[in-house]
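Structure record follows, encoded as structure tokens.
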Amino acid sequence: MRRIGTVDRTAQGLAIVSVEGDDIPDIGLMVINESLSTVGRIVDVFGPVDGPYVAITPTDSTPLTELVGTKLYAR
């Protein structure tokens with residue numbers, strides 16, 4: 001399990017996370033929160049090389065508004 005970053009905002013039904021560190025996660029990875037519950041899946045990596053973002057499509061049971069400020073991890 002490795003930390004991706006914290007959800008900055010939501011847009012068009014996706015959670016937008018600023019990637020922390022140099023290890024950019026791959027598209028398709030499952031994403032979990034601190035309590036090890038599945039949050040969603042990475043569907044896009046975008047932005048500048050030195051500060052990329054990932055877009056996460058949430059699972060059906062995860063409300064987007066509750067994700068803002070949440071620390072997320074790649075499984």
Side-chain angles (χ1 to χ4, degrees):
M1 181 170 86
R2 68 177 192 250
R3 185 169 174 174
I4 297 174
T6 304
V7 178
D8 290 333
R9 61 188 176 277
T10 61
Q12 299 177 354
L14 301 170
I16 308 301
V17 178
S18 177
V19 175
E20 297 176 0
D22 295 332
D23 190 17
I24 299 170
D26 295 326
I27 293 174
L29 284 179
M30 293 300 296
V31 178
I32 57 175
N33 60 18
E34 291 180 321
S35 63
L36 304 178
S37 298
T38 301
V39 173
R41 184 177 299 273
I42 296 174
V43 293
D44 195 12
V45 178
F46 62 96
V49 173
D50 60 345
Y53 293 88
V54 294
I56 298 169
T57 184
T59 58
D60 294 336
S61 62
T62 307
L64 279 175
T65 55
E66 292 180 10
L67 288 179
V68 177
T70 303
K71 295 175 186 173
L72 298 179
Y73 302 84
R75 186 180 314 184

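Scope of the values below: all heavy atoms of this structure, side chains included, with no hydrogens, waters or symmetry mates. Because the structure is predicted, anything quoted here is derived from the model rather than measured.
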How many angstroms lie between OG1 in T59 and CD1 in I32, if you round to the nearest 0.5 Å? 12.5 Å
Show the nearest heavy-atom pair for residues L64 and A15, with the distance to one decimal. CD2-N, 4.0 Å
Would a hydrophobic clustering, with Ile, Leu, Val, Met, Phe, Trp and Tyr connected at side-chain separations under 4.5 Å, put I4 with I24? yes
To the nearest 0.5 Å, atom CE of M1 lies from atom CE of M30 at 14.0 Å
Calculate, to the nearest 0.5 Å, the distance between atoms CG and CD1 belonging to D44 and I56 respectively. 11.0 Å
Quick check: is V39 connected to V43 through a chain of hydrophobic side chains (ILVMFWY, heavy atoms under 4.5 Å apart)? no
Side-chain heavy atoms of V31 within contact of I42, under 4.5 Å: yes
Is there a side-chain contact between L29 and R2 (heavy atoms, below 4.5 Å)? yes
Y73 side, atom OH; L36 side, atom CG - distance, nearest 0.5 Å: 9.5 Å
Which atoms form the tightest heavy-atom contact between D50 and P52, and what is the distance? C-CD, 3.8 Å
What verdict does the side chain to side chain contact (heavy atoms under 4.5 Å, CB included) test give for T6 and L72, after you've listed the backbone C-alpha separation in whole Å, the side-chain angles of each residue and the deciding distance to 0.1 Å? CA-CA 6 Å; T6 304; L72 298 179; over 6 Å; no
If the condition is salt bridge (charged side-chain N to carboxylate O under 4.0 Å, His left out), which residues does E20 pass it with, not counting sequence neighbours? R3
Closest non-hydrogen atoms of P58 and G13, given as atom of the first, atom of the second and distance, are CD-O, 3.4 Å
Would you name the heavy atoms of I16 and A55 that are closest together and state the gap between them? CD1-CB, 4.1 Å
Kindly say whether T57 contributes a backbone atom to a donor-acceptor pair with the side chain of R41 at under 3.5 angstrom? no
